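Here is the structure we will look at.
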Number of protein chains: 2
Amino acid sequence: MRKTKADAERTRDQILDAAEITFFERGVARSSLDDIARAAGVTRGAVYWHFANKVELFLAMQDRAWLPQEDLCEKLADTPDRDPLATVADVVCDMFRRIAADESQKRVLAILLLRCEYTDEMADALQRRKEADCSLDARFGALFAAAGDRGLLHPAFTPALAQGAFRALVFGVFRRWLEAPEEMDLTAQGCAMVQAFIRVLGDASHEKASSA
Amino acid sequence: MRKTKADAERTRDQILDAAEITFFERGVARSSLDDIARAAGVTRGAVYWHFANKVELFLAMQDRAWLPQEDLCEKLADTPDRDPLATVADVVCDMFRRIAADESQKRVLAILLLRCEYTDEMADALQRRKEADCSLDARFGALFAAAGDRGLLHPAFTPALAQGAFRALVFGVFRRWLEAPEEMDLTAQGCAMVQAFIRVLGDASHEKASSA
DNA sequence: CATTATCCATACATGAATGTATGTAAAGAG
DNA sequence: CTCTTTACATACATTCATGTATGGATAATG
């Protein structure tokens, strides 16, 4: 029972891994700290040493995972000045592919969307998601606005409406996949839906002038 | 303390009302049966008389509420043989309006989507939603297939793709509204997004022939 | 090498929630 | 008007999860 600092970090990671799996399987509320500790091969003593309580453990798990919002923001930050709609579709599809390939991230997202109840205790957790969403909305908003300025949007959509609908579509696709991963392939059907939507969004064939 | 059968039914309803509010405010897991009983103005004895446990109470609450899926199915059942896409948009927008006006239904849906963890215990509850979704999908599928047969769909979409995207969009809009009702008006922006999407879906202007 | 701080297991105390058992007053049935 | 059943309230037993306190073994530090 000799524990160096590196060892301690490893057990901390093991606890976070166990929390991911346990939360995913039993839900956050029904997962006791003893369940998690046992799954990690330690006792509650270790859990309480590294984390103050279950909420803190949950937040640490959320922080360790790379949330797709941050991922998207980073990608959107350094995109060339291409067709903004094509950029949007590419970035989201890229995100889909990456998440589908990462079991851990898939688990965390399933926990955040399907396996936890957002109440007063979880206010911090929800706040972080909202902040990430907010900065993401700003970036998407700029792209859709640019598309609108260049006359690339179908006349049925204002930039704000297009952004809202796109956001809803992506979220809906995502949630559907998380609910029934075996019934749906995110990289195939998910990307297809996103791309088809972007294509009809950009189908401004009502105006005669087609500059590009 | 005289209880006739009608009185008993009333207290049962009061318990269900209290469960709705308590689940909505504190989440399902953190709501104890004592919380609910107190909110209903009774004791746990009454709750245990009417319901075997919390899961049964939850299921009874879910059953009492008119789920939007059933609502939609009923509407779709007796629609004239109009433009299928217009029918779809009308029915969904009508559902949006009705839910936005019904606080109780809004609470129940917020519970089902945001305030409960779907784990093995809740398998029954999830199963009912899935069944309702399934029969709904069949009806929507028929309409989108009809639209495809009549050449009403934008060539970017197959009927199945259109249906999946539409479903995702509606769900995403719905969820977004439930998460932040003050930031979004379901009857205004929600309906606008749905209608705009349906409009671009039906924009099959690539073919020269426009029969209708 | 002695000391201290780290890392974790074990033990204990507490409260909260559950399920059940019992009591009971009225309603309903005959 | 009895008798049984209904519709609860109350009381009890038990389990479970939490938080904390303590102990101990080693690593880090000087």
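Naming: A, B, ... by sequence-line order, numbering from 1 per chain. Excluded from the calculations below are hydrogen atoms, water molecules and symmetry mates; all remaining heavy atoms, backbone and side chain alike, are included. Predicted model, so just to flag it, every value in this text is computed and none were measured.
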What is the distance, to the nearest angstrom, from the [atom1] atom on [X] to the [atom2] atom on [N]?
{"X": "A:E121", "N": "D:dA17", "atom1": "CD", "atom2": "P", "value": "16 Å"}
{"X": "B:R10", "N": "D:dC8", "atom1": "CZ", "atom2": "P", "value": "10 Å"}
{"X": "A:L33", "N": "D:dT20", "atom1": "CG", "atom2": "C1'", "value": "14 Å"}
{"X": "A:R44", "N": "D:dC16", "atom1": "CZ", "atom2": "P", "value": "14 Å"}
{"X": "B:E9", "N": "C:dA27", "atom1": "CD", "atom2": "P", "value": "17 Å"}
{"X": "A:Y48", "N": "D:dA21", "atom1": "OH", "atom2": "P", "value": "13 Å"}
{"X": "B:R30", "N": "D:dT18", "atom1": "CZ", "atom2": "P", "value": "11 Å"}
{"X": "A:R38", "N": "D:dC16", "atom1": "CZ", "atom2": "C1'", "value": "12 Å"}

Are any of the side-chain nitrogens in [X] or [Y] under 4.0 Å away from the carboxylate oxygens of its partner?
{"X": "B:D102", "Y": "B:K106", "result": "no"}
{"X": "A:D133", "Y": "A:R128", "result": "no"}
{"X": "B:E179", "Y": "B:R175", "result": "yes"}
{"X": "B:R199", "Y": "B:D203", "result": "no"}

Closest to the [X] side chain: [options]?
{"X": "A:W49", "options": "C:dC8, D:dT20, C:dG19", "value": "C:dC8"}
{"X": "B:T43", "options": "D:dT10, D:dA7, D:dG19", "value": "D:dT10"}
{"X": "A:T4", "options": "C:dC8, D:dA9, D:dA27", "value": "D:dA27"}
{"X": "B:K3", "options": "C:dG19, D:dC8, D:dG19", "value": "D:dC8"}

Inset, instruction - Give one of base, sugar-phosphate or nothing for A:S32, where a contact means two heavy atoms less than 4.0 Å apart. - result: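 Counting heavy atoms under 4.0 Å across all strands, the contact made by A:S32 is with sugar-phosphate only.
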
Inset, instruction - For D:dC8, take OP1 and OP2 only and decide whether either is under 4.0 Å from a side-chain N or O of B:H50. - result: yes

Legend entry - Check: A:F144 ring centre within less than 6.0 Å of A:F166 ring centre: yes

Legend entry - Position toward the 5' end of DNA chain C (nearest nucleotide), B:K5 or B:A52: B:A52

